[in-house]
Each structure stands twice: as C-alpha cells, then as structure tokens.
Amino acid sequence: MSQAASSNHLASGIAVRPLTDCVGAEITGVDLAAVTDAEFTVITEAFDRHAGLLFHDQHLEPEALVAFSRRFGDLDHAPVMENGQTAVPGLPEVYLVSNIEGADGKPIGSLGAGEAVWHTDMSYLDMPPDISMLNAVEVPPSGGDTWLCGMHAAYEALPEALKRQVAGLRIKHDGTYNSGGYVRRGAKVTDDPRESPGTFHPILCAHPRTGAPLLYLGRRRMAYVEGLPLAESEALLDDLWAYATREENAYRHSWRVGDLLVWDNRATMHRRDPFDASARRLMRRTQVRGKTKPVALAG
Ligand code: SIN
C-alpha cells in the first residue's frame with residue numbers, strides 16, 4: 001500500500017494519512033473530546049488497518065480522555081504505579097507515565113526517564129489489554145520519543161522456514177519486570193526464564209477483529225519458548241526479535257503537547273527513548289480491557 005494512495009480525505013473534514021507503510025496513521029480534522037459516531041467509524045476502520053493512530057492538538061481533560069477511550073471498550077483500572085498509588089484520585093482508569101516528582105519527592109507516575117524497552121502491554125496476563133493510549137501533557141525538549149513496530153509486517157518478514165518452525169509453539173510472557181526494568185509488585189525474581197511467573201501465548205496469532213496474521217512476542221527479557229532447551233529458546237527468540245524490531249518496521253514519534261497516540265497491543269509493540277531526567281515529561285494513559293486471549297493462527 002503506498003502512503004499517497006491510501007491517504008483518505010473525507011467530506012466531514014476528518015482525514016487519515018499513513019505514517020509508514022507498515023504501522024501507524026495520522027488523523028486530522030477531529031476533536032476527540034466530541035467525536036461523532038461517523039467520525040468514530042472512520043477512526044476504527046483506520047485503527048484496524050494501521051494498528052496505531054496519532055492525533056495532534058488534543059488537550060483532553062482526564063475525564064475526556066476516559067470518555068474517548070471508552071468508545072473502544074471497557075477500560076482497565078490503572079495498575080499500581082511504582083509510587084504505590086493505584087490511580088489518579090477519582091479516576092481509576094488513568095495511569096500517569098511521568099518522571100516528575102511530587103511535593104513528597106516521589107515520582108507522580110511510572111517509568112522514570114530511562115529507556116522503556118520494546119514490549120506489548122501486560123502480555124503476561126491471560127487476557128492482555130487490547131489497546132493503550134497516551135495523551136501528552138508535558139514533553140521534554142528532546143528525547144522521550146515513542147516507537148511503534150508493526151507485528152503484521154514482522155510476520156510477513158519472517159522466512160517461510162522460520163514460520164514453519166514456530167507454528168504451534170508458544171512463548172512464556174514474563175510477569176516479573178515492567179518495560180522500565182522495574183520489578184512488578186509482588187513478583188518473585190529468578191534468573192531462569194523457565195521458572196519465572198508468566199503466561200504462555202501462541203507465537204503466531206490471528207488478529208481477533210481482522211483475522212490478519214501477526215507475530216506476538218510480548219517482551220524479550222525472561223521470555224521462554226515452551227518445551228525447548230533454554231539455549232535453543234534463546235536463539236530462536238533472538239532470531240524472531242531481529243525481524244520484529246527492524247527500523248524499517250517502525251514508526252518513531254517525537255511528541256508535542258496535546259498529541260494522542262493510540263495503539264493496538266495485539267498488532268504492535270512499542271518502546272520509549274530515554275530523556276534528560278531533569279526535564280519534565282507527563283503522559284496520561286488509559287488501557288482498553290482485553291476481550292479475548294491471543295488467538296493462535298490456524299493451519
Ligand atoms: C509505555 O511503555 O507504555 C510508555 C511509553 C512512553 O512513555 O512513551
């Protein structure tokens with residue numbers, strides 16, 4: 001699909017422009033605080049096609065972010081943050097990703113200012129969240145870019161022999177660490193991926209809405225391919241990850257205040273660049289509850 005060919009300008013003013021050939025599209029001409037049903041139809045069609053959507057100039061109050069997020073489905077309550085809080089007071093669905101310190105000297109949100117490695121959200125759960133979104137409230141002058149990679153394109157890039165090798169295999173998605181390298185609350189740390197807490201999911205999946213084939217990897221640290229000797233599992237995972245995280249399979253987003261990025265956790269992975277810890281970065285984040293377990297690709 002060429003980017004120009006699929007650029008879609010609609011009578012209502014909403015327009016869809018692909019950001020790359022493999023993942024992401026920018027949508028303009030819509031106010032996410034007051035989306036009409038017709039506009040939301042355009043948004044969901046674009047989302048099914050591009051797996052990640054970018055909107056500019058969406059300065060949403062947390063309540064409006066929650067209301068827009070709910071158009072996609074029921075929301076998860078925010079996980080416990082590293083500061084021990086569970087949520088923004090009064091809004092249990094909103095999670096803060098931030099390095100900013102509160103009056104008590106503790107960060108008001110999660111993930112600090114370091115790199116967040118490639119991952120898809122909370123895939124250590126039996127039924128991982130379908131969708132996540134971030135709305136930028138404060139951004140640093142440089143750094144802190146968020147990357148998306150397309151897992152449909154990653155599947156297509158796999159050599160046929162590798163597809164055959166991994167057909168029917170499952171990966172254990174580790175639940176010990178979050179993407180910033182912090183140990184999740186209550187997790188027992190071990191160095192052996194075979195022993196760590198987590199959930200097995202098929203490596204080759206079909207998207208539950210579109211049926212499109214995709215590679216489902218979760219995160220690399222402490223992953224384990226079921227039934228293989230550890231060294232073989234490590235080698236196979238390294239091979240698969242090399243296809244998924246190729247630069248040509250990714251969109252890199254440099255944030256402006258008011259940007260909103262929404263991604264499909266089944267069809268993308270994401271990562272974040274580090275930034276200067278003395279700069280301020282604040283993102284409000286919501287998460288749409290998973291409706292199905294990852295579905296194995298038939299055949
Ligand atoms: C995340 O991994 O969910 C956060 C990404 C970001 O801070 O840009």
Would you mind reporting whether [Y] and [X] have side-chain heavy atoms less than 4.5 Å apart?
{"X": "M151", "Y": "C205", "result": "no"}
{"X": "F47", "Y": "V262", "result": "yes"}
{"X": "R71", "Y": "T44", "result": "no"}
{"X": "Q165", "Y": "L236", "result": "yes"}
{"X": "V137", "Y": "L96", "result": "no"}
{"X": "R271", "Y": "D273", "result": "yes"}

Inset, instruction - Step by step, work out the side chain to side chain donor-acceptor pair (under 3.5 Å) result for D239 and W241. - result: CA-CA 6 Å; D239 212 6; W241 274 85; over 6 Å; no
Legend entry - side-chain contact (heavy atoms from CB on, under 4.5 Å) partner of L32, the single match among Q58, M133, H59: Q58
Inset, instruction - Sort out for me which residue in L65, V66, V288 forms a side-chain contact (heavy atoms from CB on, under 4.5 Å) with E93. - result: V66
Inset, instruction - Find the distance between CG (N265) and CG (D121) and round it off to the nearest 0.5 Å. - result: 4.5 Å
Inset, instruction - Indicate yes or no: does K291 engage D74 in a salt bridge with an N to O separation below 4.0 Å. - result: no
Inset, instruction - Kindly indicate, with the supporting measurements, whether the criterion side chain to side chain donor-acceptor pair (under 3.5 Å) is fulfilled by H253 and D145. - result: CA-CA 5 Å; H253 183 59; D145 292 356; over 6 Å; no
Inset, instruction - Answer with yes or no after comparing the ring centroid distance for Y216 and Y155 against a 6.0 Å cut-off, counting only values under it. - result: no
Legend entry - Residues D174 and T176: side-chain donor-acceptor under 3.5 angstrom: yes
Legend entry - Intermediate values then yes/no, salt bridge (charged side-chain N to carboxylate O under 4.0 Å, His left out), E101 and R280: CA-CA 9 Å; E101 291 179 358; R280 292 169 65 97; over 6 Å; no
Legend entry - Derivation of the side-chain contact (heavy atoms from CB on, under 4.5 Å) call for T28 and R17: CA-CA 8 Å; T28 52; R17 182 182 67 86; over 6 Å; no
Inset, instruction - Mark yes or no for whether H270, through its side chain, and T120, through its backbone, hold a donor-acceptor pair below 3.5 Å. - result: no
